[in-house]
S.K.: 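One structure, pasted below without further comment.
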Amino acid sequence: MTKLCVCLIERTPEAMLSAMHSLPRYVHMVEVRLDHLWQVLPRSAEADLERICRNKDRPVVITIRPRREGGLYEGPEGDRLRLLRRAAALGAEYIDIELDSVAELGEIPAPTQRIVSYHNFQQTPSDLEGIHRKAAGAGAEVIKIAVLARDILDTLPVLALLKRHGSTVPTIAVSMGEEGMPTRLLAGKFGAFLSYASLAEGRDTADGQVPFRQIEEMYRFCRIGPETSLFGVVANPVAHSMSPAIHNAAFAEVGLDAVYLPFKVTDPGAFLDGYQPHDLKGLSVTIPHKEAMAPLMDDLGELAARIGAINTVAIRRGRRYGSNTDVPAALAALEGAACRAGLLPLGRRTVLLLGAGGAARAIAYGLAGKVGRLIIANRTVSRAEKLAADVRAEHCGLERIDRLRPDVLINTTSVGMYPRVDESPVPASMLRGGMVVFDAVYNPLETMLLRQARDAGCVTASGIEWFVGQAAAQFETWTGVAAPRELMAKVVMERLSRG
Ligand code: ATR
């Protein structure tokens, strides 16, 4: 089974030990980065090392990484190798030794094992196989290869290396950087010996490391195995996406052997081709790939084909099926509010839609033909004009909206979104009791527009309902199982209220 290893970079031996002792049992081992204790070895180094080895409560990797390999150690090489040999004598289960130093280190006493490591902080070199062979030839008990991913496509040769060798030679292969995160989370699927995690946010030893709590509690790392199905969100940027939190919680709730990852993608076609053979079963698609993904599908839902944009990919028996759950989820949120306001049916109502971007497009297609009047208003009037022509609606500039008396007001502009929380896209005087006001912005939880609307006696709907609705529909598309909507909403609310 692939182990979870937390890297410790505390500044004193006591802090190293207390951090180690505070870790839950699912953390199988720790890497003690002695180069974070000492840039050159002090007199007390041996005694401190002895204390760490005698008081460890789980297997340790002892590492003294030199500057040239991305560490902090600047002292003589002889001192470093001597201390590593001493760690072996003191019963450290593993010592980490760089590929270019392993010959100098020589033999070490059993049962300590050598993790022979190779790092490349510039790129993913083309000859990963050759590096692996060299490390194996140097007598490595465990081989570690850590290379920078500049693009998610760089993770593919790293995962392939793991798949080829993981079951025969204990191998750690990791793509560093945000783009490389899938290699850390999927270590168990591809048979890696271990995956490194950080103690907490900002305590990482390499770019892209995930805090251990997140890796286990959100991604359920220890349950991921060769059969685990892959899902994820394709976006750029992707770091702040809430989709991994809600979909992984939903998979856990219904007991599916599946994991949902953030994929930072620049080329959606190459990404699909590369990841599809690895049990990729479904994707959420978001900015900026919703349009570019559509032509890459084998089949498109009727609505998705009409809009030319998808937010959901389901892969079944090798075929890609693209659909759009944004539109029905927006309509459901809107109709729920209209029902509460007594405004159903919408066939005789006037709807003012603010914005002309992707969100506005989804809503406009959903509403077209279903409402009495649809007016699209946007800062850049030409974009409003184009969207209005596509869905046969009216359009105007923002300066004209206070003359309108809509029954339903929908905001899809980013006005009011964090951090500009003290702004509203409309004057408060436009808000009348009995109106429905729907704000697609959900960060903050209550925008200024929604607050003013509530004060004016409007019925409100928030972007949260939309977000959870589209995610729940995706989950149902992929799994055929009813989505745990309340749980999904709770996860989103918790994350947003944490800020
Ligand atoms: P999305 O896909 O989320 O809809 P988008 O395509 O970037 O995102 O669209 C953002 C919308 O917010 C656009 O309608 C944009 O107006 P422009 O088309 O004129 O750019 C609107 N928007 C952004 N900032 C705005 C501001 N300060 N005032 C008014 N509208 C704004």
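When a ligand or atom number is given, it counts from 1 through the structure's own listing order. Position 1 is the first residue of the sequence, and the numbers go up from there.
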S.K.: Look at atom 24 (N) of ligand 1 and find which of Ser414, Gly397, Ala356 reaches it with the closest heavy atom.
M.R.: Ser414
S.K.: Taking side chain to side chain contact (heavy atoms under 4.5 Å, CB included) as the test, write out the residues that go with His395, two or more places apart.
M.R.: Val381, Ala384, Glu385, Ala388
S.K.: Specify the closest pair of heavy atoms between Thr2 and Gly191, including all atoms of both residues, with the distance to one decimal.
M.R.: OG1-C, 4.2 Å
S.K.: Identify the closest protein heavy atom to atom 14 (O) of ligand 1: which residue and atom is it, and at what distance?
M.R.: Asn378 OD1, 2.7 Å
S.K.: Please list the nearest protein heavy atom to atom 5 (P) of ligand 1 with its residue and the distance rounded to 0.1 Å.
M.R.: Gly357 CA, 4.0 Å
S.K.: What pair of heavy atoms forms the shortest contact from Asn324 to Ile310, and how long is it?
M.R.: ND2-CA, 4.3 Å
S.K.: If every non-hydrogen atom of Ile152 is compared with every non-hydrogen atom of Lys264, which pair is closest and at what distance?
M.R.: CB-O, 3.5 Å
S.K.: Which of the atoms in ligand 1, numbered in the order shown and given with their element, are less than 4.0 Å from a heavy-atom of Arg383?
M.R.: 6 (O), 13 (C), 17 (P), 18 (O), 20 (O)
S.K.: Are any of the N/O atoms on Ala360, whether in the backbone or the side chain, positioned under 3.5 angstrom from an N/O atom of ligand 1?
M.R.: no
S.K.: Checking Gln474 side chain against Asn311 main chain: does a donor-acceptor pair fall under 3.5 Å?
M.R.: yes
S.K.: Heavy-atom count check: over 12 atoms from other residues, nucleotides or ligands less than 6.0 Å from Arg223 CZ?
M.R.: no
S.K.: Specify the protein heavy atom at minimum distance from atom 10 (C) of ligand 1: its residue, its atom name, and the distance to 0.1 Å.
M.R.: Thr412 O, 4.6 Å
S.K.: Looking at side-chain heavy atoms only, is the closest gap between Ile375 and Leu353 below 4.5 Å?
M.R.: no
S.K.: Looking only at protein heavy atoms, which one is nearest to atom 3 (O) of ligand 1, and how far off is it?
M.R.: Ala359 CB, 4.2 Å
S.K.: Which ligand 1 atoms are under 4.0 Å away from a heavy-atom of Leu398?
M.R.: 29 (C)
S.K.: Nearest protein heavy atom to atom 21 (C) of ligand 1: under 4.0 Å?
M.R.: yes
S.K.: Quick check: closest heavy atoms across Thr325 and Thr312, and the distance to 0.1 Å?
M.R.: CG2-OG1, 3.5 Å
S.K.: Could you tell me whether some N/O pair between Thr413 and ligand 1 is separated by less than 3.5 angstrom?
M.R.: no
S.K.: Considering non-hydrogen atoms of the protein only, which is the closest contact for atom 8 (O) of ligand 1, and what is the distance?
M.R.: Gly358 N, 4.5 Å
S.K.: Considering only the protein, which heavy-atom contact is closest to atom 17 (P) of ligand 1, and what is its distance?
M.R.: Thr380 OG1, 3.5 Å
S.K.: Assign the ring pair His165 / His132 to parallel, tilted or perpendicular, where the plane angle (0 to 90°) is split at 30° and 60°.
M.R.: parallel
S.K.: I need the atoms of ligand 1 closer than 4.0 Å to a non-hydrogen atom of Gly355, numbered in the order shown.
M.R.: 14 (O)
S.K.: Considering the heavy atoms of Val415, write down every atom of ligand 1 situated less than 4.0 Å from one of them.
M.R.: 25 (C), 26 (C), 27 (N), 28 (N), 29 (C)
S.K.: With heavy atoms of Arg420 as the reference, note each atom of ligand 1 found under 4.0 Å away.
M.R.: 27 (N)
S.K.: Does NZ or CZ of Lys144 fall inside the cone over Tyr196's six-membered ring, less than 6.0 Å from its centre and within 45° of the axis?
M.R.: yes
S.K.: List the closest protein heavy-atom neighbour of atom 26 (C) of ligand 1: residue, atom name, distance to the nearest 0.1 Å.
M.R.: Arg379 NH1, 3.2 Å
